[in-house]
Amino acid sequence: MVTPNIRSLLASKEPVQDVTVQGWVRTRRDSKACTFIELNDGSCLRGLQVVADNALACAELYPKILTGASVRVTGDLVASPGGKQAFEVLAKNVEIVGESDGTYVLQKKGHTPEFLRSISHLRPRTNLLGSVFRVRSRMAFAIHKFFQEQDFFYVHTPIITSSDCEGAGEMFRVTTLPQGSAAKPEEDFFGKPTFLTVSGQLQGEVFACALSKIYTFGPTFRAENSNTARHAAEFWMIEPEMAFYDLEADMGLAEANVKYLLKALFETCGEELEFFNKFVDTGLIARLQHTLDKPFQRVSYTDAVDLLIKSGRKFEYPVEWGQNLQSEHERFLAEEHFQSPVTVFNYPRSLKPFYMRQNDDGRTVAAMDVLVPGIGEIIGGSQREERLDLLEQAMAAHGLSEENYRWYADLRRFGTVPHAGFGMGFERFLMFATGVSNIRDVIPFARTPGHAEF
RNA sequence: UCCUGAGUAGCUCAGCGGUAGAGCGGGUGGCUGUUAACCACUAGGUCGUAGGUUCGAACCCUACCUCAGGAGCCA
């Protein structure tokens, strides 16, 4: 039996005879002649009010309809005399599909995100997490639309890899050898050391140098012992890679990508946005609208350093050309100076991995980071070094073996082309889009140091 | 990993040296087209764990655990 979801019923313009609706009870209120059940099936934020008369044969069940129970209701969708909803279901019959009891912990009142994290199996039933995960799904779809509409091909890069996207971070080892085994890597399952991928970029470049424009969108893994609200050991990343793109075009695509997603957000998640704006972050909608309306700011790393020095602001970490921009610096740029997302480009060569394209000044590379207010970096990218001699120099300087990266150098040996790409942290984007301040609350089941529940 | 703060009822919190409290949630009863419904009664606690100080510790001290915020690393 397939029954209409609550979203479609609430969208109705007129009464409907004989509907069946199923969902979970959010709350029940008794009245003299009837009981009111607020039903939610996750199809949308709002619930459906069910009015069940005490004269019905099923009335004896009402006391057992506690918060969290699943029920099936048949009745008519009618105009509601109550002020808070246009339509409600006047029940002819109510069945309990699955009971709940007084130990069900979710209440109609608010819960802290910290508590909800401890019940990840129940939290999708809350307004907050339900909204987050509806948004997550729609944004994932919008990402595919954005790239597919521009003739990008979706490439499935490997999860298990033997190559290290140098500079991306610590890797999780994948092995079938018993714990503490003294066996050599050659005796392991793959005959060599293997890891969970930290990035699909290098393999993405392979496909960009064949299909021209590609993107990956999948899980990536970092074994960093990072304990912050912005880091997870398992997260999803979007990584486009484009042949015949320079840094300028790369930055343009990154900015267009963010704007496209925000547009889709406003079009498909209006109800959820209103909810976040009310209960999570009261400045959210204004900030997102502002981001959508105005062009992203761009500033070179060198100009950004000047700007920070001239700001007169006292920073905990000194600002000096050649040093990484610290969180406080990035925050100053995005939140105070530009008050909008800002793309910082042309970073010192010494700070960046081997594959980034050397600029003519000899001391910077064609790298870029997109910084957004409140989150910091959500996108990092670069034009890749397409000149074989310079790539080999860079690999040597980073102590990488020519043997392991021969396939990567081959892309430059045979029909090399300028190309570029970037990586966007999907959860980072979701935090920006929802105002939710902890990455653990935009991932269904978060994996962080010390935690891999469920 | 480092710094700071916090752990009291199922949940959110008050109490901060002298008999363990409220709201919500649960139970019982009442009222009512209700909508964070309302009113009354009721059950529910080794005050994170282990030590210590004190006549007496939820409260002060120490260690550990957990969580949060900030930092580093990054997406």
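Here the structure is a predicted model, which means the values were calculated and not measured. Every chain is numbered from 1, with letters handed out A, B, ... down the list of sequences. Just so it is clear, the values below take in all heavy atoms, side chains as well, and ignore hydrogens, waters and symmetry mates.
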Checklist outcome for this item: Whole-Å distance, A:Leu116 CG to B:rG10 C1', equals 13 Å
Item to check | Minimum-distance nucleotide (side-chain atoms of A:Asn227 versus B:rA71, B:rA75, B:rC67) | outcome: B:rA71
Checklist outcome for this item: Interatomic distance, CG@A:Asp18 vs OG1@A:Thr74, rounded to 0.5 Å, equals 8.0 Å
Checklist entry - A:Ile6 and A:Arg46: side chain to side chain contact (heavy atoms under 4.5 Å, CB included), yes or no, with the steps? => result CA-CA 8 Å; A:Ile6 287 172; A:Arg46 293 176 54 207; over 6 Å; no
Checklist entry - Roughly how many Å is it from CZ in A:Arg28 to C1' in B:rA36, rounded to a whole number? => result 16 Å
Next on the checklist: Classify A:Gln107 by what it touches in the nucleic acid, base, sugar-phosphate, or nothing, heavy-atom distance under 4.0 Å.
Outcome noted: base
Checklist entry - Among B:rU34, B:rC11, B:rG72, which nucleotide sits nearest the side chain of A:Ser327? => result B:rG72
Next on the checklist: At 4.0 Å (heavy atoms only), tell me whether A:Glu377 reaches a base, stays on the sugar-phosphate, or touches nothing.
Outcome noted: sugar-phosphate
Checklist entry - With a non-hydrogen cut-off below 4.0 angstrom, is A:Phe235 in contact with a base, only sugar-phosphate, or nothing? => result base
Checklist entry - A:Tyr405 and A:Phe354: aromatic ring centres closer than 6.0 Å? => result yes
Next on the checklist: Under 4.0 Å, heavy atoms only, any strand: does A:Glu427 hit a base, just the sugar-phosphate, or nothing?
Outcome noted: nothing
Checklist entry - Does A:Lys32 make a side-chain N or O approach to OP1 or OP2 of B:rG30 shorter than 4.0 Å? => result no
Checklist entry - Between A:Phe217 and A:Phe426, does the ring centroid distance fall short of 6.0 Å? => result yes
Checklist outcome for this item: Out of B:rA68, B:rC13, B:rC74, minimum distance to the side chain of A:Arg428 belongs to B:rC74
Checklist entry - Say you pick atom C1' in B:rU19 and the same atom in B:rC3; how far apart are they, in whole Å? => result 40 Å
Next on the checklist: Is A:Arg230 close enough to B:rA71 that one of its side-chain N or O atoms is under 4.0 Å from OP1 or OP2 there?
Outcome noted: yes
Item to check | For B:rU54, the Watson-Crick or wobble partner whose two distances fall under 3.5 Å | outcome: none
Checklist entry - For the pair made of CG in A:Leu106 and P in B:rC24, what is the distance, rounded to whole Å? => result 18 Å
Next on the checklist: If you define the side chain from C-beta out and look only at heavy atoms, does anything of A:Arg173 sit under 4.5 Å from A:Pro193?
Outcome noted: yes
Item to check | Under-4.0 Å side-chain N/O to phosphate OP1/OP2 contact, A:Thr228 with B:rC73 | outcome: no
Checklist entry - What's the CD1-P distance between A:Ile439 and B:rC73, to the nearest Å? => result 17 Å
Item to check | Rounded distance in Å between the C1' positions of B:rG5 and B:rA40 | outcome: 41 Å
Next on the checklist: With a 6.0 Å cut-off on the ring centroids, do A:Phe315 and A:Phe332 count as close?
Outcome noted: yes
Next on the checklist: Does a side-chain N or O of A:Gln326 approach OP1 or OP2 of B:rG72 to a distance below 4.0 Å, or not?
Outcome noted: yes
Item to check | Nucleotide paired to B:rG72 in any strand shown, Watson-Crick or G-U, under 3.5 Å | outcome: none
Next on the checklist: Does A:Met237 reach a base, just sugar-phosphate, or nothing at all? Heavy atoms under 4.0 Å.
Outcome noted: sugar-phosphate
Item to check | Polar pair under 3.5 Å, donor/acceptor by atom type, side chain A:Ser226, base B:rC73 | outcome: yes
Checklist outcome for this item: Per atom distances to the A:Asn324 side chain, the nearest of B:rG33, B:rA68, B:rC74 is B:rC74
Item to check | With A:Gln179 via side-chain contact (heavy atoms from CB on, under 4.5 Å) - residues at least two apart | outcome: none
Next on the checklist: Quick check: any donor-acceptor pair below 3.5 Å linking the side-chain of A:Glu328 to the base of B:rG70?
Outcome noted: no
Item to check | B:rA22 versus B:rC60 - spacing of their P atoms, nearest Å | outcome: 23 Å
Checklist entry - What is the nucleic acid contact for A:Arg46, judged by heavy atoms within less than 4.0 Å: base, sugar-phosphate only, or nothing? => result nothing
Checklist outcome for this item: Considering only heavy side-chain atoms of A:Asn225, the closest of B:rU1, B:rG33, B:rA75 is B:rU1
Checklist outcome for this item: Taken to the nearest whole Å, CZ/A:Phe332 to P/B:rG70 is 20 Å
Checklist outcome for this item: Taking a pair to mean Watson-Crick or G-U wobble geometry with both distances below 3.5 Å, B:rA14 pairs with none
Next on the checklist: Using a 4.0 Å heavy-atom cut-off, does A:Ser31 contact any base of the nucleic acid, only the sugar-phosphate backbone, or nothing at all?
Outcome noted: base
Item to check | Rounded distance in Å between the P positions of B:rA58 and B:rC41 | outcome: 29 Å
Next on the checklist: Which nucleotide, if any, forms a Watson-Crick or G-U wobble pair with B:rU28, using both distances under 3.5 Å?
Outcome noted: B:rA40
Checklist outcome for this item: Among the nucleotides B:rA75, B:rA36, B:rA71, whichever has the atom closest to the side chain of A:Ala232 is B:rA75
Next on the checklist: Using only modelled atom types and a 3.5 angstrom limit, is any donor from either the side chain of A:His231 or the base of B:rC74 paired with an acceptor on the other?
Outcome noted: yes
Checklist entry - What is the nucleic acid contact for A:Ser118, judged by heavy atoms within less than 4.0 Å: base, sugar-phosphate only, or nothing? => result nothing
Next on the checklist: Check the phosphate of B:rA71 against A:Arg331, side-chain N and O only, distance under 4.0 Å to OP1 or OP2. Yes or no?
Outcome noted: yes
Checklist outcome for this item: Between CG of A:Leu66 and C1' of B:rG10 the distance, given in whole Å, is 14 Å
Next on the checklist: Applying a 4.0 Å non-hydrogen cut-off, can you work out what A:Glu234 is touching in the nucleic acid: base, sugar-phosphate, or nothing?
Outcome noted: nothing
Next on the checklist: Please classify the nucleic acid contact of A:Ala33 as base, sugar-phosphate, or nothing, using heavy-atom distances under 4.0 Å.
Outcome noted: nothing
Checklist outcome for this item: Using Watson-Crick geometry (N1-N3 plus N6-O4 or O6-N4) or G-U wobble (N1-O2, O6-N3), each under 3.5 Å, B:rA20 is paired with none
Item to check | Rounded distance (nearest 0.5 Å) linking atom OG1 of A:Thr448 with atom CD of A:Glu234 | outcome: 11.0 Å
Item to check | Watson-Crick or G-U wobble partner of B:rU49, both distances under 3.5 Å | outcome: B:rA63
Next on the checklist: Measuring only the C1' atom in each nucleotide, how far is B:rG33 from B:rU66? A whole number of Å is fine.
Outcome noted: 47 Å
Next on the checklist: If you only use heavy atoms from C-beta on, which nucleotide in B:rC67, B:rG33, B:rC74 is closest to the side chain of A:Arg117?
Outcome noted: B:rC67
Next on the checklist: For a quick check, tell me whether the side chain of A:Arg440 and the base of B:rC67 share a donor-acceptor pair closer than 3.5 Å.
Outcome noted: no
Checklist entry - Checking all strands, does A:Asn438 fall into the base, sugar-phosphate, or nothing category for heavy-atom contacts under 4.0 angstrom? => result sugar-phosphate
Next on the checklist: Between the base of B:rU32 and the side chain of A:Asp30, is there a donor and acceptor pair under 3.5 angstrom?
Outcome noted: no
Item to check | Nearest-Å distance for atom pair CG/P, residues A:Leu122 and B:rG10 | outcome: 17 Å
Checklist outcome for this item: Rounded to whole Å, CZ of A:Arg123 lies from P of B:rC11 at a distance of 17 Å
Item to check | Heavy atoms from other residues, nucleotides or ligands near CZ of A:Arg298 exceed 12 (cutoff 6.0 Å) | outcome: yes
Checklist entry - Taking the side chain of A:His451 as heavy atoms from C-beta outward, which of B:rA71, B:rU66, B:rA68 is closest to it? => result B:rU66
Checklist entry - Aromatic ring centroids of A:His144 and A:Tyr154 under 6.0 Å? => result yes
Next on the checklist: Any base atoms under 4.0 Å from A:Phe429, or only sugar-phosphate, or nothing? Heavy atoms, all strands.
Outcome noted: nothing
Checklist entry - What distance, rounded to whole Å, do you find between the two C1' atoms, one in B:rU53 and one in B:rC13? => result 29 Å
Checklist entry - Given the C1' atoms of B:rU46 and B:rC38, what is the spacing between them in whole Å? => result 37 Å
